[in-house]
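Atom set for the values below is all heavy atoms of this structure, side chains included, hydrogens, waters and symmetry mates excluded. Atoms within each ligand, like the ligands themselves, are counted from 1 in listed order.
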Amino acid sequence: MHMSIATVCLSGGLAEKLEAIAAAGFKGVEIFENDLLSFNGTPSDVRKMAADLNLEIITFQPFRDFEGLPPERRARAFARAERKFDLMAELGCDLLLVCSNVAPDCLGGIDRAATDLRELGERARVRGVRIGFEALAWGRHINDYRDAWEAVRRADHQSVGLVLDTFHTLARKTDLSAMRSIPRDRIFLVQVADAPAMDMDVLSWSRHFRNFPGQGDLALLDFMAALDVTGYDGLLSLEIFNDQFRAGSARSLAVDGHRSLIYMMDQLQSRIGRPNTNAVKLPPRSHCLGTEFIEFAIDGGNLPEFERLLGGLGFFKAGQHVSKAVSRWTQGNINIVLNADTDGFANAFNITHGTSVCAIGLRVADAKATLERAEGLLDYPFRQPVRPGELDIPAVRGLGGSLVYFIDPASDLGKVWDIEFKATAPSPAANGAGLTVVDHISQSMHYEEMLTWLLFYTSLLEVGKTAEQDVLDPGGLVKSQVVQSADGALRIVLNASQSSRTQSSRFLSEAFGSGVQHIAFATDDIFKTAAAFKASGVALLPIPENYYDDLEAKIDLDAALLQELQAHNVLYDRDGRSEYFQMYTQTFDERFFFEIVERRAYTGFGAANAQVRLTAQARQARAPGLPRR
Ligand code: MG
Ligand code: MG
């Protein structure tokens with residue numbers, strides 16, 4: 001299938017959009033009339049620009065309010081169309097998208113629509129172009145692809161075909177079975193868009209919230225499977241109207257778009273159980289076994305204080321890198337890498353972002369296959385010079401320019417700690433403060449990046465996503481969405497807000513960009529861990545007394561337990577019979593913090609406690625301009 005994208009999907013001027021579309025590897029583009037109108041040049045200039053970029057202009061759109069017009073307005077509509085045909089000749093484009101009429105005074109009747117389309121089709125034929133008819137979900141009389149198809153079928157003209165649009169079809173939950181019997185050569189174009197499940201009018205939903213396949217909740221694979229039955233292998237074009245996209249970078253959005261189509265075709269193959277000639281051949285989504293390590297970029301000045309914190313949390317320094325100023329701190333199955341090397345990636349990252357997580361190492365079933373899939377999905381592989389004695393660990397660019405490494409137990413990568421590190425101390429008999437694994441990683445990002453990273457994780461790894469949630473920060477609303485593997489081996493919380501006053505946003509300005517804001521470690525006994533922290537002098541985030549009064553009123557809790565929660569500043573949530581315990585360290589260097597959680601069959605993230613925690617953190621935060629506490 002030929003992959004294309006409509007200019008309306010992206011931000012910027014037309015030239016910038018076309019460059020971004022070509023750079024992302026698309027071969028086709030739909031030109032939106034508004035982009036042409038605001039372009040400072042002639043349609044021939046656009047044609048040349050597209051040709052130079054190796055892009056085919058596949059469609060010009062939209063042509064609105066055409067079919068079923070009362071007699072006195074009908075002639076003008078044809079004259080209007082002729083002017084579009086002139087424009088298309090200059091553009092070098094042979095397909096005009098005609099969307100169904102929304103005018104209140106237009107007349108119904110399939111035969112009337114068919115007659116109009118036939119006449120327009122004949123005019124198009126004379127001009128050497130074609131027209132494609134699309135049912136808008138809010139069309140006055142035609143708002144269902146089955147009616148649009150009936151009008152096209154009755155028009156019975158070689159230059160008149162059907163345009164199918166996943167949004168218009170799936171938003172109204174239109175039955176898909178009729179699609180299977182449409183002859184494939186009568187379908188001129190298929191437009192693809194996803195959207196989050198929302199309860200609102202279809203027009204606003206479509207104009208503001210469409211997103212790329214896989215970013216929303218529409219049953220796109222049902223649609224594609226029905227389309228597959230027709231044998232259609234023509235144009236597949238993204239048509240997204242989205243406010244976040246309009247605020248994002250055209251280049252990165254175009255890549256997201258192409259990635260989403262590759263991923264959708266990949267899923268379609270598994271769905272229909274046979275290869276699709278147009279799909280990119282990819283290894284399956286990578287099964288994630290857990291977080292192997294978290295790497296901090298840190299400068300020598302901050303190192304002692306951070307090492308003290310890690311020591312207080314029960315970590316011990318287990319190894320020193322064979323050739324770099326890099327050390328490994330460990331506890332349970334958690335590895336923290338402190339990279340204070342004055343050369344290379346981590347150093348550059350530290351100069352830009354300060355003390356921060358510069359890389360996450362994921363333990364996967366097959367690291368090589370994971371990288372191969374990432375490359376097929378247009379993710380950005382990262383390579384740096386490998387010194388003698390070092391492993392070439394496969395990696396791709398992740399959030400905010402950080403890295404995601406892939407380690408697997410089967411290859412030498414699984415022995416990275418033995419190969420690249422010299423042991424500095426035998427592991428202590430007691431397991432530190434009882435921390436066992438990385439429970440979840442919380443990342444803060446700009447609002448318009450959220451869908452990018454949702455697609456990045458879900459297309460590459462075998463993870464699902466939760467519904468988007470609103471969290472109340474004292475500075476505004478934070479959107480939160482989780483990607484996680486079914487067994488919980490990997491959980492990543494994505495947070496974004498549009499207000500500049502939320503903790504999530506403050507992190508972005510303090511750290512000069514998106515990144516890991518907190519890491520949650522698991523313990524099997526939160527109170528034992530809390531006691532160990534107390535003994536080592538780790539300061540926890542103080543939780544106000546009111547919280548515990550409220551908890552007592554809300555949940556029937558054992559008095560001794562309540563007292564213990566309060567004594568250790570532990571937050572609590574219960575869902576049915578499952579229980580969740582959380583506590584937080586104070587924020588390090590005004591940037592990030594650690595969370596400790598104990599799950600008793602609990603699968604959430606303590607959303608009920610988020611506001612209390614965020615408010616407590618806001619209280620602790622340094623007011624702008626004041627010295628640090
Ligand atoms: Mg459309
Ligand atoms: Mg958390």
Side-chain angles (χ1 to χ4, degrees), residues 1-10 17 21 26 28-36 57-67 84 88 93-103 113 117 130-149 151-152 160-174 176 179 182 186-196 201-213 215-216 218-220 222-224 226-227 232 234-243 245-246 253 257 260-261 264:
M1 239 171 264
H2 310 287
M3 297 196 182
S4 159
I5 183 169
T7 52
V8 72
C9 301
L10 307 178
K17 292 183 188 210
I21 289 167
F26 286 101
V29 61
E30 287 185 64
I31 301 280
F32 250 69
E33 188 165 30
N34 272 344
D35 282 312
L36 191 62
I57 299 176
I58 60 150
T59 306
F60 181 64
Q61 73 138 314
F63 188 61
R64 297 186 199 277
D65 296 339
F66 166 72
E67 94 283 3
K84 304 296 175 200
M88 288 163 64
C93 159
D94 89 326
L95 181 64
L96 178 68
L97 188 152
V98 179
C99 46
S100 61
N101 206 328
V102 300
L117 289 174
R130 301 172 300 148
I131 58 169
F133 187 50
E134 174 190 43
L136 297 180
W138 51 90
R140 181 80 179 162
H141 297 286
I142 295 181
N143 46 39
D144 181 318
Y145 79 89
R146 293 169 296 194
D147 292 337
W149 162 234
V152 166
V160 180
L162 182 68
V163 174
L164 291 169
D165 182 305
T166 61
F167 181 87
H168 292 299
T169 308
L170 296 169
R172 291 173 55 108
K173 299 197 167 63
T174 311
L176 297 168
M179 201 193 292
I182 301 173
R186 308 306 300 145
I187 306 172
F188 284 1
L189 175 65
V190 173
Q191 294 181 313
V192 186
D194 202 343
D201 72 285
V202 186
L203 180 59
S204 311
W205 190 18
S206 173
R207 293 256 165 97
H208 302 283
F209 297 98
R210 285 185 178 213
N211 52 27
F212 290 135
Q215 294 178 331
L218 295 182
L220 284 183
D222 290 352
F223 181 102
M224 291 305 295
L227 182 69
Y232 178 82
L235 293 164
L236 208 57
S237 187
L238 295 165
E239 189 198 37
I240 319 293
F241 312 90
N242 183 301
D243 301 336
F245 288 14
R246 289 182 194 116
L253 275 170
S260 75
L261 284 177
M264 183 179 75

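- Residue side and main chain included, Q61 places no N/O/S atom under 2.8 Å of the Mg ion (ligand 1).
- If you check the side chains of Q191 and E30, you find a donor sitting under 3.5 Å from an acceptor.
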Applying ring pair (Phe, Tyr, Trp, His ring centres under 6.0 Å), run through F133 and F66 and close with a yes or a no.
-> CA-CA 10 Å; F133 187 50; F66 166 72; 8.2 Å; no
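- Classified by interplanar angle (parallel below 30°, tilted 30° to 60°, perpendicular above 60°), the ring pair F32/F241 is perpendicular.
- Centred on the Mg ion (ligand 1), the OE2 atom of E134 and the OE1 atom of E239 lie at an angle of 170°, reported to 10°.
- If you look at D165 and ask which of its N, O or S atoms sits nearest the Mg ion (ligand 1), the answer is OD2.
- Residues Y232 and I187 come closest through the heavy atom pair CE1-O, 3.4 Å.
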